[in-house]
Amino acid sequence: MFTFKDYYRNTVHLSFEEEPFSKAPGHVWVICRYRGSWLLTDHGDRGYEFPGGKIEPMEKAEQAAVREVKEETGAIVEELSYIGQYKVLGKEKMIIKNIYFARIDKIEKQSTYYETKGPVLLKELPENIKKNQRYSFVMKDGVLTHSMKRLVQNGWITE
Ligand code: GTP
């Protein structure tokens with residue numbers, strides 16, 4: 001398990017075990033790959049981030065992952081793989097998120113991208129993402145760096 005502070009100095013616990021903190025997480029976060037590029041969404045206020053959000057009542061985490069990716073980017077998830085789970089101890093509440101890796105092979109244009117401005121395709125993520133104001137705070141802690149390493153370890157992407 002990894003423990004570190006996020007952008008707002010909240011404590012985060014991250015693990016690549018099978019749902020170590022909760023079998024009923026509240027949120028999902030989906031690292032998306034489309035034909036050799038990263039697929040993110042442009043969240044108006046927060047900036048660029050991998051898509052994700054809250055799991056709705058009666059919905060499974062995997063269903064929420066597929067839905068959120070579609071809503072925020074227009075992308076159809078071809079293959080979804082569980083990566084890990086993290087817990088953020090916020091000032092007011094605690095949140096638990098499942099992290100997934102999604103392979104995408106089709107992105108459809110839509111009339112709305114819900115709370116976001118839609119898809120952003122990037123060949124590479126920038127070197128110093130922590131100092132880059134275009135990027136959301138959720139991209140600025142150990143969840144992204146450890147998850148990226150994990151993708152390479154699992155052989156799901158090449159470095
Ligand atoms: P509503 O209940 O819809 O109002 O959402 P909210 O604005 O309270 O946000 P949410 O429940 O999604 O998250 C609550 C807090 O947890 C946020 O303000 C963040 O500080 C933190 N948080 C949420 N998602 C992440 C994440 O992916 N990474 C980190 N580090 N913190 C997060």
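This one's a predicted model, so the numbers in the text were calculated from it and none came from an experiment. Just follow the structure's listing: the first ligand is 1, and inside any ligand the first atom is 1.
- Cation-pi geometry between Lys97 and Tyr86 is not satisfied (NZ or CZ under 6.0 Å from the ring centre, within 45° of the ring normal).
- Closest protein heavy atom to atom 10 (P) of ligand 1: His27 NE2, 4.0 Å.
- With a 4.0 Å cut-off on non-hydrogen atoms, Tyr7 does not touch ligand 1 at all.
- For ligand 1 and Asp6, the ligand atoms under 4.0 Å from any heavy atom of the residue are 29 (C), 30 (N), 31 (N).
- Heavy-atom distances between Glu92 and ligand 1 stay at or above 4.0 Å for every pair.
- Within 4.0 Å of atom 32 (C) of ligand 1, at least one protein heavy atom is present.
- Inter-residue side-chain proximity for Tyr100 and Trp29 is flagged as unmet; no heavy-atom pair is nearer than 4.5 Å.
- Checking Asn10 against Lys5 by side-chain atom types alone, no donor-acceptor pair falls below 3.5 Å.
- Between Ser147 and Phe16 there is a side-chain heavy-atom pair separated by less than 4.5 Å.
- Taking the six-membered ring for Trp and thresholds of 30 and 60 degrees, Tyr48 and Tyr135 have ring planes more than 60 degrees apart, a perpendicular arrangement.
- With a 4.0 Å heavy-atom cut-off, ligand 1 is reached by the side chain of Asp141 but not by its N, CA, C or O.
- Side-chain contact, Thr3 with His13: a donor N or O sits under 3.5 Å from an acceptor N or O.
- By the definition of a contact as any protein heavy atom under 4.0 Å away, atom 23 (C) of ligand 1 is in contact.
- Only the side chain of Tyr86 comes within 4.0 Å of ligand 1, judged by heavy-atom distances.
- Applying the 4.0 Å criterion to heavy atoms of Val138 picks out, from ligand 1, the atoms 26 (C), 27 (O), 28 (N).
- A tilted orientation is assigned to the rings of Phe137 and Tyr7, their planes being inclined by 30° to 60°.
- Atoms of ligand 1 found under 4.0 Å from any heavy atom of Lys97, numbered from 1 in the order shown, are 24 (N), 25 (C), 26 (C), 27 (O).
- Residue, atom and distance of the protein heavy atom nearest to atom 20 (O) of ligand 1 are Asn10 ND2, 3.8 Å.
- Protein heavy atoms are absent from the 4.0 Å sphere centred on atom 4 (O) of ligand 1.
- Taking a cutoff of 4.0 Å between a charged side-chain nitrogen and a carboxylate oxygen, Lys106 and Glu78 do not qualify as a salt bridge.
- Using a 4.0 Å threshold on non-hydrogen atoms, atom 7 (O) of ligand 1 does not count as touching the protein.
- Protein heavy atoms all stay at least 4.0 Å away from atom 18 (O) of ligand 1.
- Interface atoms of ligand 1 facing Lys93, defined by a heavy-atom separation under 4.0 Å, are 2 (O), 8 (O), 11 (O), 14 (C).
- Residue contact check for ligand 1: Lys54 places a non-hydrogen atom closer than 4.0 Å to it.
- Within the 4.5 Å cutoff, no side-chain heavy atoms of Val12 are placed close to those of Lys87.
- Counting only heavy atoms from C-beta outward, the side chains of Trp38 and Glu124 never approach each other to under 4.5 Å.
- If you check each of Val143, Val28, Ile95 against atom 16 (O) of ligand 1, the one with the closest non-hydrogen atom is Ile95.
- Thr41 places no side-chain N or O within donor-acceptor distance of the main-chain N or O of Thr116, the cut-off being under 3.5 Å.
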